[in-house]
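Each chain gets a letter, A, B and so on, in the order the sequences are listed, and its residues count up from 1.
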Amino acid sequence: NEKVIFGTNWLAQAEHGGYYQAVVDGTYAACGLDVTIQQGGPQVAGRPLLLAGKIDFYMGGNMQQAFDAVAQDIPLRVVAASFQKEPQVMMSHPGEGLDKWEDLKNADQYIVGDEGAQSFLLWMATEYGFDVSKRVPYTFNAAPFIANKKSIQQGYVTSEPFAVQKEGGFMPNQFLLADYGYSTYSTTIEAMQETIDKRPEVVQCFVDGSAKGWYNYLYGDNAAANAAIKKDNPDITDEQIAFTIAQLKKFGIVDSGDTEKLGIGAMTDARMQDFYNKMVKAKVIPAGIDIKKSYTLNFVNKGVGLDLKK
Amino acid sequence: MSMPEPSRPVLDPEEARRVRQQRLERIGRWVLPLAIMILAIWLWDRICVWNEIPKYILPRPGLVLQTLHDDAGLLFSSLLVTLKITFLSLALAVVGGVGLAVLFAQSKWVEMSFFPFAIVLQVTPIVAIFPLINIYVDNQTTKLLLCAWIVAFFPILSNTTLGLNSVDRNLLDLFRLNGATRWQQLRLLRLPAAMPYFLGGLKIAGGLSLIGAVVAEFVAGASGQSSGLASRIIEAGYRLNAPRLFAALILISLAGIVIFLALSLVSNLVLRRWHESAMVQER
Amino acid sequence: MSMPEPSRPVLDPEEARRVRQQRLERIGRWVLPLAIMILAIWLWDRICVWNEIPKYILPRPGLVLQTLHDDAGLLFSSLLVTLKITFLSLALAVVGGVGLAVLFAQSKWVEMSFFPFAIVLQVTPIVAIFPLINIYVDNQTTKLLLCAWIVAFFPILSNTTLGLNSVDRNLLDLFRLNGATRWQQLRLLRLPAAMPYFLGGLKIAGGLSLIGAVVAEFVAGASGQSSGLASRIIEAGYRLNAPRLFAALILISLAGIVIFLALSLVSNLVLRRWHESAMVQER
Amino acid sequence: MSQSEGMSGDSGVPAADDRAPLLFLRNVSKTFSTGTVALRGVDMTIRDGDFLSLLGPSGCGKSTALRLIAGLSTPTSGQIEWPGASSRSDIGFVFQEPTLMPWASVFDNVWLPLRLRGISRAQAQPAVMEMLERVHLAGFADAVPRELSGGMKMRVSIARAMVTKPRLLLMDEPFAALDEITRFQLNNDLLDLWQDQRFTVVFVTHSVFESVFLSNRIVTMAARPGRVADEMAVSAPYPRDEAFRTSVDYAALCRQASTALEAAMGTNAEPQHVHA
Amino acid sequence: MSQSEGMSGDSGVPAADDRAPLLFLRNVSKTFSTGTVALRGVDMTIRDGDFLSLLGPSGCGKSTALRLIAGLSTPTSGQIEWPGASSRSDIGFVFQEPTLMPWASVFDNVWLPLRLRGISRAQAQPAVMEMLERVHLAGFADAVPRELSGGMKMRVSIARAMVTKPRLLLMDEPFAALDEITRFQLNNDLLDLWQDQRFTVVFVTHSVFESVFLSNRIVTMAARPGRVADEMAVSAPYPRDEAFRTSVDYAALCRQASTALEAAMGTNAEPQHVHA
Ligand SMILES: Nc1ncnc2c1ncn2[C@@H]1O[C@H](COP(=O)(O)OP(=O)(O)OP(=O)(O)O)[C@@H](O)[C@H]1O
Ligand SMILES: Nc1ncnc2c1ncn2[C@@H]1O[C@H](COP(=O)(O)OP(=O)(O)OP(=O)(O)O)[C@@H](O)[C@H]1O
Ligand SMILES: [Mg+2]
Ligand SMILES: [Mg+2]
């Protein structure tokens, strides 16, 4: 079996469940891949490893960086989108006058990480009038948010609300950016053009395997995958995993919209163009990029794994 | 004018004061730092209570201690991982720092030519160049060591260079007069003379290599079971498990203090017989 | 036995050699470092070419230079922001480091009691305690300064403490004999004697406060226009704009080298007249 | 105690036993932690206005004794008593090594004791410059120590010790590094000053001639363990001048002191120290 | 040049002008960057086997002259020539200050010059211990410098300079910190050794007596600018002993040297230096 390394952009967690599932239940192996998952972390920059050919696939955050890569002349392509919706939410304290999306911009502080400040915050500023100078960095610790009732904070719908509820004792308001027009795909699978050209079968196997993995993880027996996740990241709890899976399903992060017909991983030119236009308007990304170079639809939209959904 | 009675041992007041002071000092030397430490912890506790600081922001010391006890297995095995990197990188920093300093001491040319590179290493943020390291270095431990080393070696280099140049000029003349080779001059004169400076640099580097090990792990990430305290801190922060986060921080602090004390002890033992900074003044 | 001819000025071979060497040295002092630097840059370029390293991983120096030129406005205004924090935090580190060292020099008790806190500050990862700082400090500049200060103050503290304790014992006796107050002893004896050590610590802290300013910005972030080089690096990294990232890194390195040279100059000026490390040996 | 108390005769110097004792050394011993017994059972009385010379072989504890007297060191056993209790704080000390502040100019080094007593640079200027003149270094006021010769450094140290006009002057081989002519000059200067101002001097020297010329009492010490071997009074009247230096009395006294010193060195016990 | 060359008479010392010159100082001047003229126009010839004393007031450039001869310093103008070219590397130097390595034991300090010539501790042991015996410090072989008295440190420095039995021995006031009896002993020791082994000595001293007792030539220097004021031969035959010390000849020679020194100091130019 061909050895393949997939780099994630965070410590192992249920958001990576599909891939772990495909590793532990032999889905990748079935089409000839021996996949190793190399977990990332908050300060770990994994993408350069992909660029240097040290890993074969990388878990991208959203489409924006794929567009950036085209702008920088980097032969990097998104081959599948595991998440149909960006799971990014903005959270606020209930009952503090920040209960509506339109009010969020009035918060004292926006606690947003470096990547967010380079992407969706800029979009929120253009589209909804947020004030970027109120941003303070998010160091992946929600204490400052809990402490400051007038602040809002970014978070993954699958995890931060859980931590806030557990330690802060309240369930924060959650505003899924995707619901307000942040139309990017998320948790993509990125590969170098060279891999696509020279080893298309490997890419196809990985994309298909991942899709099947996600179906199995969400709708089948995911105990072994969770065990693998916990092995890589001993700090994670069952409670947290359960919460994540519930949220993924509740918000239709992985499986909603186009995937009903095209299968998990689906992407369409229309969505891509829509997101790009929004980003150009927000001046996040310059106009004139040939975004077709940033992704390929060759490996997705084939309905793989639809049969696994019970 | 009254003559002092010669029969009873007369302690003049100054002398008596000094003896008292000495006795006090011997006790105070250990009791006072402990007392202050306890006071600080008590203050921490009071601040938490007075300001009603919730435990997910700043847990009370009792809770942290409790966590330290409950999570001992996890935390101490992580501490060991971190300490391993710390000591290895400190050793490398000593070798690298002293080695470079010796090289630089050979000639002003060499120093002027290569010191800039040392400064570049010192001021380059690891976070920024880690991707490069990550690409070209395969072994995880090597990556961590490299990062921690970059953080720790400069004080040793800088202080040792200073020390090697702070040699008594008359002694240098003496060596020259006796036709000492460069190597003899270095080994018998410059290195011993640089000792106090080197050991000063070592004390700085001790803490830096610890923080270097932690930062390296922050940046490089670590996988699976063998992860050090940095991973514990990140994860605990992410999960808002403040007590564990602070327990980990306290372990790091304690490790730092112990390393510093150990290096101070070494320094004292080495210099006790001749250097002012470590000599016990006989009076 | 032949007598030397007294008429023509006889330069014995050793003397001639020395004169030649001196002349060479004066030229080499500036030419050689530059040559080595150019060589290093050339090597960098060759390595990129030989190994066919794509520009988005390690751009060739020419491209970086080009970017430095093209993005000059953006980068230099960021450099200014970073330098502002650097110098402020270096100033604070001097005040804090020397202040604490002076405090510690007052008595072994004080030193033993409070040094542990200094070590705790040194070894605590800023990333981990930033949330706390973030909650209790409002002003952005204050946050940055605090972070950079924590990184930079320790070498000054440690070296100055060492220096304050490295005073000639006979001079101390002289002061005692003349009934010097603590303050006089400090100002007229201990502080001047500690100068070489302090200046050594300062040279280490110079680089550290620069890296501290960068790290602080990494952690504390920056908003809007007033962002420093760290933000540029993060942004360039995120945007996969490697040439700009390296241009920023090179600016940081250059700043580090300039700071070091400036502090070395200060050190030499202060010590030139009396300390071995800076004295020009008259021969 | 007033300075005129106990004056006798026209020699200008009070008789030894009339004058008030300034300090007693009572059975003083000093053992260093290395095991070297620097002093054992030293008894000595120093009277107000004494010019007492300590004579003895190298390593016999002269410097140690001076440090004990100054309070810079404490005896391992025995006591040092100051019945008057007044002068303890008013001591000038010329260390055996120059002990100058390397970063300070000659002027600043000499100014130091005055500065520590709160006297400003301007106020100190006349006194400092006068002392520098005396030691022939007025032209080097702005030099730093490393620009001076060995003898010049020592002269700075002498000037520094005397600039405060202390009640008790402890001098550890102050003139050893000086040529004979400068030495004679400074000897005379010191004697003049002493006769004028009636301070007390404890003077360590290796020169029998110097000790006889200067002092009213000579204590000879023996080495290992350091102890007092002999004490002699130099009864010659003050002022002493070049005539005294060439007198028969002087020669006889020198011979007597030399003999005492030789005797002290003859009784040299076995070297005594504990180094493995 | 062979050592037997030019021997004359039974004094054991070759006549001054017969012996081969070891080095010439030709119109040597030394000005420091501070502006101090330490030496101006010094001409001097040192012959193989000379025992030459430099006598002169403090600060007249004696130490500077020794450093120039040793090659530790270079003249601002003028030349130092070694016609034989052989001995330049074989110099023993007793600095004015002890200049010991503070971290090394007395033994290691004395061993140093041998060690630098590749001689192991065991091989060096007899020579080192013999030198330590000579300076009466055999019992302190394991002490470190700060545990020694001033005179003891200087004796270690003397032992170190002589342990290699150098061809040229430069001594800068080696015995100034020693009591007279030890000093006499070491004077005799040094003379014996010199007569035995025929090395060359340039000896800086402040003691007219010492210079007359030891040397075959005395060069008197004057200060500011430092220059040669007078040169006298001490024609008394070697070996010299206690009898010589009490002879009429000796007294006359001492008087002659004293006069020369006084004359040198009388011609003292104005202090000369440039400090703002
Ligand atoms: N490094 C220096 N820089 C400036 N001036 C110096 C330096 N060394 C010596 N001098 C000056 O040179 C002159 C001669 O100094 P030198 O040490 O040779 O005197 P010396 O004859 O040995 O005196 P002494 O008997 O006091 O040791 C002095 O005036 C001194 O101030
Ligand atoms: N700090 C010390 N530690 C150990 N031993 C010491 C110390 N200081 C002095 N000694 C020893 O004490 C003895 C007396 O020393 P001291 O300096 O008093 O002699 P001294 O009479 O002044 O000699 P000199 O004429 O050579 O200066 C010496 O044997 C010396 O080795
Ligand atoms: Mg002494
Ligand atoms: Mg001299």
Practice item. May I ask you to name which of D:Lys62, D:Met152, D:His136, D:Met154 has the most heavy-atom pairs under 4.5 Å with chain E? Key: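 Most pairs with chain E among the choices: D:Met152.
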Point to revise | Heavy-atom pair count under 4.5 Å with chain E, highest-scoring of D:Ala176, D:Ser63, D:Cys60 | key: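 Of the options given, most contacts go to D:Ala176.
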Check your understanding: Which one, E:Ser58, E:Gly151, E:Ser105, leads in non-hydrogen pairs under 4.5 Å with chain D?
Key ->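 Ranked by heavy-atom pairs under 4.5 Å with chain D, first place is E:Ser58.
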Review point. When heavy-atom pairs shorter than 4.5 Å are enumerated against chain D, which of E:Gly56, E:Ala38, E:Gly61, E:Ala177 gives the highest number?
Key: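 Highest number of heavy-atom pairs under 4.5 Å: E:Ala177.
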Check your understanding: Are the side chain of E:Ser258 and the backbone N or O of E:Arg255 linked by a donor-acceptor pair below 3.5 Å?
Key ->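 Looks like no, no N/O pair under 3.5 Å.
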Practice item. Please state whether the side chain, the backbone, both or neither of D:Glu180 comes within less than 4.5 Å of a heavy atom of chain E. Key: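 Both parts, backbone and side chain.
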Exercise for review: Please determine if E:Arg245 and E:Glu242 form a salt bridge, counting it only when a charged side-chain N lies under 4.0 Å from a carboxylate O.
Suggested key: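 Looking at E:Glu242 together with E:Arg245, the answer is yes, because their closest N to O distance falls below 4.0 Å.
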Check your understanding: Does the distance from a Lys or Arg side-chain N to an Asp or Glu carboxylate O, for E:Arg67 and E:Asp172, drop under 4.0 Å?
Key ->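 Salt bridge absent between E:Arg67 and E:Asp172.
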Exercise for review: Determine whether the side chains of E:Thr34 and D:Glu147 contain a donor N or O and an acceptor N or O closer than 3.5 Å.
Suggested key: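 Result is no, nothing qualifies.
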Point to revise | Close side-chain approach of D:Leu100 and D:Lys153, heavy atoms under 4.5 Å | key: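 Of all side-chain heavy-atom pairs linking D:Lys153 with D:Leu100, at least one is under 4.5 Å.
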Review point. Checking heavy atoms, do the side chain of E:Arg155, its backbone, both or neither come under 4.5 Å from chain D?
Key: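 Side chain of E:Arg155 only, per the 4.5 Å heavy-atom cut-off to chain D.
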Exercise for review: Counting only heavy atoms closer than 4.5 Å, note whether E:Ser207 contacts chain D via side chain, backbone, both or neither.
Suggested key: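 For E:Ser207, heavy atoms of backbone and side chain both lie under 4.5 Å from chain D.
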Point to revise | D:Phe203 and D:Phe175 aromatic ring geometry - parallel, tilted or perpendicular at 30°/60° bounds | key: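 D:Phe175 vs D:Phe203 ring planes: tilted.
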